[in-house]
Protein chains: 2
Amino acid sequence: MAANILIVEDESSILELISLNLHQAGFNPIRAISAEYADNLVKETLPDLIVLDWMLPGMNGIEFAKRLRANSTTKLIPIIMLTAKGDEDNKLEGLTVGDDYLTKPFSPRELVARIKALLRRRSPELVNDPIIVESLVLDPSSHKVQINNKIISIGPTEFKILHFFMKNSDRVYSRNKILDKIWGNKSEIDDRTVDVHIKRLRGSLKQSGYDKLIQTVRGAGYRFSKELE
Amino acid sequence: MAANILIVEDESSILELISLNLHQAGFNPIRAISAEYADNLVKETLPDLIVLDWMLPGMNGIEFAKRLRANSTTKLIPIIMLTAKGDEDNKLEGLTVGDDYLTKPFSPRELVARIKALLRRRSPELVNDPIIVESLVLDPSSHKVQINNKIISIGPTEFKILHFFMKNSDRVYSRNKILDKIWGNKSEIDDRTVDVHIKRLRGSLKQSGYDKLIQTVRGAGYRFSKELE
DNA sequence: ATATAAATGTCATATAAATGTCATATAAAT
DNA sequence: ATTTATATGACATTTATATGACATTTATAT
């Protein structure tokens, strides 16, 4: 289940940019264009992390952050402050109030990295850390698959399938479910195509014997599991 | 078959957020922005569970909950109430009317956990939990059957029969009833075929002695039961 | 922009597993 | 002892999955 990240930012273009990037990184972005609006949202549902712009119309970022810190139910939510270039002297205050800060302009990649770092501390299960099964390692962020510390080459679709399977192991998925999850629900693609990609994926894993992890469940679909039958 | 969860919440952003999180958790969220609107939806869809905001414009949550309880077709639907922080004194009433409650602000993750817990209690058939009889375990989601922690291989039809029997144990089913349940009611298949599949299923269970669980009731059909005769 | 390589989806075919029926053996009921 | 119901092994057939080849699309390098 993806982490819910509240973004508080008054410039809509930046808000959208961040939102898009977080979505691509696998998070659920929640948008707020002001501290007041964000406050209402936080009163209802607790986000897992807050990205908070320093300068906001109305209540500013630091004020909002302090309010969050003052409330026992919200005080533990990690906050990343976004500060403008000029506010060098305010950085200290930003860092003391928030858990981390970034100076504008910042790279979305950097923001995602910082978010992951903070989330990792408090809720490691929400972060896209490498998934490890014995000596098979799939690293979503670097898009690499290793077996015995050796990188194996694998096609994009095969990567997605393996990723999906490793995240959702020990469960059968029908070909149609897999088509939905990997290709998207609009896809007009033939069921049998899944077979072919499974074949290719198994081919990539074969050398190490890990192709056994991808199991055919006759009449039901495929399953990724350590436990062999 | 995902559980249908009706969410009644007037703030659209919260409604969307909850909806998104439930969807990610594998549920089928149904949105309603008022009790009046929800009332119609309940009649149409008979949801498996309702997440109900306490404070609503028009008819409030508790009133709506009471109406649901008064109606025989809806009285058993589990309800999770969402209460505002201040309403400490109302909690008791909320808990008595609903089956569980959460105080705002709550984390979506917590909500999902509560929903699962309630569903497991009230409609275990929706939760696809493993079915366990002594050391025989059938896991519908992974499509595996274990005996003494060892996976046994079993054909699709045998799996369906065993699943059906474990869900409906201690009851005799005629061959025709079994044909209906497993093959579908259109089937033109011979009664005796059931015998053969029962034979095969027993064969798979034999090693462990669990074939004894599948009992022949002469003149009536078959029965799955722990109690040996 | 063009050349080159990689990836994709489909098909036909090969292989394997599962199925349903039957004939016969065995056990239970009368 | 005879009738009736169920168990079982064998088998031909059907159905599902695996696989190799190929034309086409898409991405990457030049």
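No hydrogens, no waters, no symmetry mates; every other heavy atom, side chains included, goes into these values.
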Checklist entry - Rounded to whole angstrom units, what separation is found between the CG atom of A:L201 and the C1' atom of D:dA18? => result 14 Å
Checklist entry - What is the distance from NZ of A:K199 to C1' of D:dG20, rounded to the nearest Å? => result 8 Å
Next on the checklist: A:Y173 and ring pair (Phe, Tyr, Trp, His ring centres under 6.0 Å): which single residue from A:Y222, A:F224, A:F164 fits?
Outcome noted: A:F164
Item to check | Heavy-atom pair with the smallest gap, counting every atom of B:P140 and B:H163 | outcome: CG-NE2, 3.7 Å
Checklist outcome for this item: Here the residues of residues 164-178 of chain A within 4.0 Å heavy-atom distance, strictly under, of DNA chain C are none
Next on the checklist: Just by distance, no angles: are the side chains of B:K144 and A:S225 close enough, under 3.5 Å, to form a donor-acceptor pair?
Outcome noted: yes
Item to check | Whichever of B:I198 and A:G219 has its nearest DNA chain D nucleotide further upstream toward 5' | outcome: B:I198
Item to check | Over all atoms of both residues, closest heavy-atom pair of A:N176 and A:D191 | outcome: OD1-OD1, 3.2 Å
Kindly list each side-chain donor-acceptor pair under 3.5 angstrom involving residues 120-132 of chain B, sequence neighbours excluded, with atom names and distances?
from, atom 1, to, atom 2, distance (Å)
B:R120, NE, B:D129, OD2, 2.7
B:R120, NH2, B:D129, OD1, 3.4
B:R122, NH1, B:D99, OD1, 3.0
B:R122, NH2, B:L76, O, 2.8

Checklist entry - Hey, is B:R175 close enough to B:D195 for a salt bridge, meaning N to O under 4.0 Å? => result yes
Item to check | Euclidean distance, atom CG of residue B:D211 to atom P of D:dA7 [Å, nearest integer] | outcome: 11 Å
Checklist entry - What string of B, S and - do you get for nucleotides 19-26 of chain C 5' to 3' if you count protein non-hydrogen atoms under 4.0 Å? => result BBBB----
Checklist entry - What integer distance in Å separates A:D195:CG from D:dA18:P? => result 6 Å
Checklist outcome for this item: Quick note, ring pair (Phe, Tyr, Trp, His ring centres under 6.0 Å) partners involving residues 177-196 of chain B, not counting sequence neighbours, are B:W183-B:H197
Next on the checklist: Is the shortest side-chain heavy-atom distance between A:I198 and A:F165 below 4.5 Å?
Outcome noted: yes
Checklist entry - Checking B:Q215 side chain against B:K212 main chain: does a donor-acceptor pair fall under 3.5 Å? => result yes
Could you list, one pair per line, each protein nitrogen or oxygen that sits under 3.5 Å from a nitrogen or oxygen of nucleotides 13-15 of chain D, together with the distance?
none

Checklist entry - Between the side chains of B:N148 and B:S135, does any donor sit under 3.5 Å from an acceptor? => result yes
Next on the checklist: As a check on the pairing definition, encode DNA chain C in dot-bracket form, counting Watson-Crick and G-U wobble pairs whose two distances are under 3.5 Å, and using | for partners outside this strand.
Outcome noted: ||||||||||||||||||||||||||||||
Checklist outcome for this item: Here the distance between atom P of D:dA27 and atom NE2 of A:H143, to the nearest Å, is 13 Å
Checklist entry - If you look at every strand shown and take non-hydrogen atoms under 4.0 Å, does B:Y222 touch a base, only sugar-phosphate, or nothing? => result sugar-phosphate
Item to check | Heavy-atom closest pair, residues A:S141 and A:K116 | outcome: CB-NZ, 4.1 Å
Next on the checklist: Donor-acceptor pair, distance only, cut-off 3.5 Å: does the side chain of A:R218 make one with the backbone of B:G155?
Outcome noted: no
Next on the checklist: If I compare all heavy atoms of A:L179 with all of A:I189, which pair ends up nearest, and what's the gap?
Outcome noted: CD1-O, 3.4 Å
Next on the checklist: With no hydrogens and no angle check, just 3.5 Å: does a side-chain donor-acceptor pair link B:E11 and A:N40?
Outcome noted: no
Item to check | Rounded interatomic separation in angstrom, taking CZ from A:R202 and P from D:dT17 | outcome: 11 Å
Next on the checklist: Rounded to whole Å, how long is the line connecting atom NZ of A:K206 with atom C1' of D:dG20?
Outcome noted: 13 Å
